[in-house]
Protein chains: 2
Amino acid sequence: MPTPKTTSLRRTRRSSDDLRNQILSAASELFLRDGYANTSIDAVIEKVGGSKRAIYSHFGGKDDLFAAMMANLSESALQAIASAEEKVAGDDVRVSLTKFARAVMRILMDPRTVALYRLIVSESARMPDLAEVFLANGPRRAASALAQLLQRYADAGALTISSAEEAAEHFIGMLRDDVYLEVLLGVRAPLGEKARNARVTQVVDIFLDGTLARRRPSVR
Amino acid sequence: MPTPKTTSLRRTRRSSDDLRNQILSAASELFLRDGYANTSIDAVIEKVGGSKRAIYSHFGGKDDLFAAMMANLSESALQAIASAEEKVAGDDVRVSLTKFARAVMRILMDPRTVALYRLIVSESARMPDLAEVFLANGPRRAASALAQLLQRYADAGALTISSAEEAAEHFIGMLRDDVYLEVLLGVRAPLGEKARNARVTQVVDIFLDGTLARRRPSVR
DNA sequence: GTCTATATTGCGATAGAC
DNA sequence: GTCTATCGCAATATAGAC
């Protein structure tokens with residue numbers, strides 16, 4: 001059978017949901033690559049096939065298509081962050097931080113994340129809600145997860161930090177340094193796993209040897 | 001007296017240089033505020049007065065006007081960085097780093113820098129040279145100045161660092177953390193002097209207590 | 001002023017779902 | 001067969017570069 005029955009409710013030639021998803025997918029690719037202003041409705045429709053009308057009946061307009069796409073993207077981004085949070089189960093501070101940092105670096109250097117980051121910076125002025133959603137689901141979420149981790153170690157006497165929140169922000173800042181800026185600006189390819197891990201080790205060393213309590217010469 | 005229309009080279013009322021500078025100034029303001037696509041030639045002309053013809057004869061087109069404006073801006077940015085480099089004359093590591101970091105933070109949080117940063121991220125895909133010029137005059141220059149400073153202290157035995165370059169990048173990364181991202185996205189106002197200095201102290205403490213040689217319990 | 005690009009809408013035709 | 005979403009194409013409107 002060419003068309004195995006759709007388990008869902010109605011239309012099937014290319015079900016309404018399929019069309020919607022295909023539009024979202026094509027729009028993501030183009031918006032992420034070329035930005036909002038340089039992506040035309042025609043270009044999206046050319047990738048998907050069909051009529052421009054489909055976009056307007058499904059989404060309402062270009063702005064709404066863009067918003068829908070960003071909402072869609074934030075879901076997958078959120079899942080990535082959530083999986084990173086689970087990686088911090090190690091007992092040793094250095095091991096925990098390293099795991100966390102590697103996960104963050106992997107997400108940061110993902111080409112999709114890079115493009116999303118760039119798009120957010122470009123368009124947040126036009127759509128303020130965009131920035132809020134992105135910050136809440138991405139950076140703030142990662143920072144507060146890390147802050148909790150740091151606080152636990154601080155309570156256990158392994159770390160000496162004045163503010164877990166700020167320390168977490170600084171730690172993540174170290175991961176997202178000039179190298180990341182260069183990736184963001186497209187003058188350098190995203191770091192591969194080996195290079196990422198090397199930088200993570202550097203960062204963890206700098207960070208930890210400043211916050212490790214020195215009373216107990218334990219872990220080293 | 002019927003004003004003889006000077007068809008080409010000579011201009012009288014407003015000197016050619018003045019007009020050029022006024023155009024650049026108006027263009028800077030608009031481009032920085034609204035971005036490339038959302039700034040129209042008409043809007044620039046409206047601010048300056050005169051005819052659209054002026055822009056095309058002076059610059060050639062919108063792209064060229066934009067490029068000229070960016071080149072113009074990078075000069076002042078360069079001066080700011082250069083002034084930061086001079087501030088590192090202190091003898092004590094902590095004092096030197098603090099001075100340097102305060103200067104960097106002041107530049108970073110300058111609304112003009114923020115707008116420039118945002119514009120670079122938005123447009124570097126369209127104009128790759130932009131990113132190179134910006135990186136060379138800004139971030140890379142600051143990082144390498146800091147790296148030299150760090151290396152001096154390392155040579156003197158005050159710091160233990162494996163790579164001065166990378167350490168410098170991480171240090172600056174700590175300064176440009178999530179808080180800066182929020183400023184960049186416009187959801188938070190740039191930090192005032194007091195808040196900046198507080199963060200600088202945090203960053204220097206984290207950084208130094210990890211890189212200070214512990215053999216000699218000297219400086220602390 | 002001219003011309004191109006592009007967002008947005010109008011509407012008859014069509015092809016599956018029911 | 002009817003119904004409805006989609007299609008294809010044309011038309012409108014506006015902005016903005018030149």
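Residue numbering restarts at 1 for every chain, and letters A, B, ... go by the order of the sequence lines. Atom set for the values below is all heavy atoms of this structure, side chains included, hydrogens, waters and symmetry mates excluded.
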Protein heavy-atom contacts under 4.0 Å, written 5' to 3' over nucleotides 4-12 of chain C as B (base), S (sugar-phosphate only) or - (none), form the string ---SBBBB-
L175(B) side chain reached by R199(B) side chain, heavy atoms, under 4.5 Å
no
Quick test of your reading: applying ring pair (Phe, Tyr, Trp, His ring centres under 6.0 Å), list the pairs with at least one residue in residues 177-204 of chain A, sequence neighbours left out, ordered by first then second residue.
Y117(A)-Y180(A)
Pairing residues for R188(A) by the side-chain hydrogen bond (donor to acceptor under 3.5 Å, both in side chains) criterion, not counting sequence neighbours:
E182(A)
dA5(D), OP1 or OP2 - any side-chain N/O from H58(A) closer than 4.0 Å?
no
Take the protein atom CG of L65(B) and the nucleotide atom P of dG16(D), then report the distance between them rounded to whole Å.
15 Å
Salt bridge (charged side-chain N to carboxylate O under 4.0 Å, His left out) contacts in which one or both residues fall within residues 56-78 of chain A, not counting sequence neighbours:
D63(A)-R126(A)
Pairing residues for D34(A) by the salt bridge (charged side-chain N to carboxylate O under 4.0 Å, His left out) criterion, not counting sequence neighbours:
none
Rounded to the nearest angstrom, tell me the gap between atom CD in E46(A) and atom C1' in dC9(D).
15 Å
Roughly how many Å is it from CZ in F59(B) to P in dA17(D), rounded to a whole number?
15 Å
Residues in salt bridge (charged side-chain N to carboxylate O under 4.0 Å, His left out) with E29(A), at least two apart?
K47(A)
